[in-house]
Novice: 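Quick one: the structure is below, and I'll ask about it shortly.
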Amino acid sequence: MARMNAVIEPAEKQNPVIEVTGLVTHYGATKILDGIELSVPPGEILVIMGGSGSGKSTLLRHLLGLKKPSAGHIRLLGRDIASLDQKQLYHLRRQIGVAFQGGALFGSLTVAENVELPLREHTDLDDGTIRIMARMKLEMMNLAGFDGLMPSELSGGMLKRAGLARALIMDPKILFFDEPSAGLDPVVAVELDELILKLRDVMGMTIVVVTHELESAFKIADRITVLEEGRLAITGTVDEVQATDNQRVQDLFNRRPRNEAVNPDEYLQRLTGYRPDA
Amino acid sequence: MIVTLVNRLGDSSLHFLEQAGRFTLFLFKVLSTALRPPLRWRPVLRQIHFIGARSTSVIVVAGFFTGMVLALQFYDTLMRFGSVSLLGSAVALAMIRELAPVLTALVVIGRAGSAICSEIGIMRSEEQIDALECMAIDPVRYLLVPKFLATLVSVPLLTSLFIMVGIVGGWFVGVMMFDVSEAAFFQGMYETVVTHDVVMGFTKSLIFALLIVWITSAKGFYLHLERFGAYGAEGVSRVTTDAVVAASITVLGVDYLVSAIML
């Protein structure tokens with residue numbers, strides 16, 4: 001670590017690897033994200049949290065360049081991704097890894113073939129080297145010996161870990177991880193959290209995690225961003241966000257249901273479509 | 001009431017135009033990618049095995065029975081005019097120009113087209129296509145180009161097989177069952193069938209192949225943009241059914257157009 005600290009500057013002094021400014025996006029006429037501002041320095045773990053429908057998955061799709069914003073800019077490793085053509089975007093994407101919620105492995109390929117795919121597509125390495133590299137990543141995910149199995153033969157947690165192995169095969173500078181702990185048993189979830197911390201500490205990787213698992217978020221996050229109905233509710237360190245007086249954020253962190261006052265007329269109209277004043 | 005109807009009509013028309021535009025751009029993208037190197041033959045051969053080789057048994061059975069029933073019907077009709085010697089010509093022309101291309105297309109739509117649509121649709125709904133994008137692997141080149149090339153190679157070959165087996169089916173009924181002269185059966189065929197007929201059948205099979213793979217793969221690829229949403233197993237099965245129906249109707253409609261132009 002001492003050697004790494006000597007090489008890597010303090011995070012706040014370096015250019016951010018991810019920078020989002022004034023991001024607005026719509027789905028049809030509905031505004032999904034509104035005025036999102038984010039900046040992630042190298043080597044940081046940023047956790048994006050929020051309730052269902054808060055826009056966190058949409059934000060992730062924007063960060064990956066899978067969706068174009070209505071307004072605003074997203075800079076990844078210094079490049080504005082909306083202004084890149086397909087070739088430039090693909091070149092940039094070789095430096096990022098994405099682990100999808102369900103693994104997103106290809107059903108027609110074995111686990112090893114799935115993990116090897118990016119190396120086969122983007123490098124001229126020989127078969128033997130590729131196979132060894134894939135086994136190393138699978139070993140890292142405690143999946144040694146499962147390389148010849150088809151994805152349909154794996155459990156949910158194993159699929160997720162195999163997906164992570166594939167995301168890491170190109171040694172990316174940025175790792176995006178969608179819901180790492182969802183649906184996992186507590187032991188595997190903790191193992192995965194430890195692994196995420198190790199990737200940051202040992203490899204200096206910048207990691208963006210989208211989750212709604214509080215325990216996991218508080219354990220791994222350097223900073224947490226909370227989204228509320230498409231807007232940024234708060235961004236800060238774990239202590240800062242836990243101390244916020246934002247009621248919605250406190251409800252989320254303390255698992256409190258929203259007890260908003262309901263107008264009886266509106267409630268009746270929602271249930272029956274009947275308008276008392278009509 | 002009228003306003004609602006006009007609204008719905010306008011909504012459907014806009015949706016149709018939007019989808020037509022999206023599908024046209026999709027076709028151009030796939031074809032332009034296919035024409036740019038590098039082309040990997042291994043995935044294409046794998047798809048030819050799935051779309052072509054594994055359809056041969058169905059094509060043989062369908063072709064044989066079609067040839068038999070065609071000979072039966074023509075025999076009955078030609079008997080009334082005393083022209084049974086034309087049986088071979090009638091069977092061959094109907095097979096080459098019309099039945100083989102259309103029926104082969106319908107068999108391929110049912111067997112491979114539905115599989116293409118559902119496979120791509122499931123990949124879309126399970127984020128596998130997004131995963132390809134994020135790995136900087138072009139889904140068009142990796143997924144779609146092999147399916148397009150394989151269908152364009154397989155369907156004309158399957159059509160040729162259908163024609164050959166159909167003629168054998170016709171020969172079996174005409175010559176073996178109804179004692180039509182074997183020489184007359186084949187001589188008539190030899191004298192009547194001209195290059196133009198073969199070109200017409202081949203052109204149709206190529207056009208149908210393109211329509212099949214275009215419609216079925218585009219429906220699966222744009223599953224997430226379906227007007228009423230498409231999610232999970234229900235969404236994939238609904239879109240697959242739509243794709244099969246759309247591809248079948250388009251093939252039948254285009255068959256008439258091509259016949260009208262080439263006859």
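Labels below follow one simple rule: chain letters A, B, ... track the order of the sequence lines, proteins then strands, and each chain is numbered from 1.
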Novice: Rounded to the nearest 0.5 Å, how far does CD1 of B:Ile129 lie from CG of A:Leu66?
Specialist: 11.5 Å
Novice: Please report the closest heavy-atom contact between B:Tyr142 and A:Leu109, naming both atoms and the distance.
Specialist: OH-CD1, 3.8 Å
Novice: Tell me, side chain or backbone of A:His91 under 4.5 Å from chain B's heavy atoms, or both, or neither?
Specialist: neither
Novice: Below 4.5 Å from any heavy atom of chain A, which atoms of B:Arg40 appear? Answer side chain, backbone, both or neither.
Specialist: side chain
Novice: Taking all heavy atoms of A:His122 and all of B:Ala136, pick out the closest pair and write down the distance.
Specialist: CE1-O, 3.1 Å
Novice: Tell me whether the count of non-hydrogen atoms from other residues, nucleotides or ligands lying under 6.0 Å of NE2 in B:His15 goes above 12.
Specialist: yes
Novice: Could you grab the distance from atom CD of B:Glu127 to atom OG of A:Ser57, nearest 0.5 Å is fine?
Specialist: 8.0 Å
Novice: Does A:Lys67 have more than 12 heavy atoms from other residues, nucleotides or ligands lying within 6.0 Å of its NZ?
Specialist: yes
Novice: Could you give the distance from CZ (A:Arg120) to CD1 (B:Ile137), rounded to the nearest 0.5 Å?
Specialist: 12.0 Å
Novice: Above 12 or not: heavy atoms from other molecules or residues under 6.0 Å from CG of A:Asp124?
Specialist: no
Novice: Between A:Leu105 and chain B, which part of the residue has a heavy atom less than 4.5 Å away: side chain, backbone, both or neither?
Specialist: backbone
Novice: Nearest heavy-atom pair of B:Met135 and A:Leu117: which atoms, and what distance?
Specialist: CE-CD2, 4.1 Å
Novice: Side-chain contact test, heavy atoms from C-beta onward, threshold under 4.5 Å: evaluate it for B:Cys134 versus A:Phe100 and give yes or no.
Specialist: yes
Novice: Could you check if a side-chain atom of B:Leu132 sits within less than 4.5 angstrom of a side-chain atom of A:Phe106, using non-hydrogen atoms only?
Specialist: yes
Novice: Using a 6.0 Å cut-off, check whether atom CZ of B:Phe64 has over 12 heavy atoms from anything other than its own residue.
Specialist: yes
Novice: Might you point out which heavy atoms bring B:Ala131 and A:Arg166 nearest each other, and give the distance in Å?
Specialist: CB-NH2, 3.5 Å
Novice: Quick one: do B:Glu133 and A:Arg61 make a salt bridge, cutoff under 4.0 Å?
Specialist: no
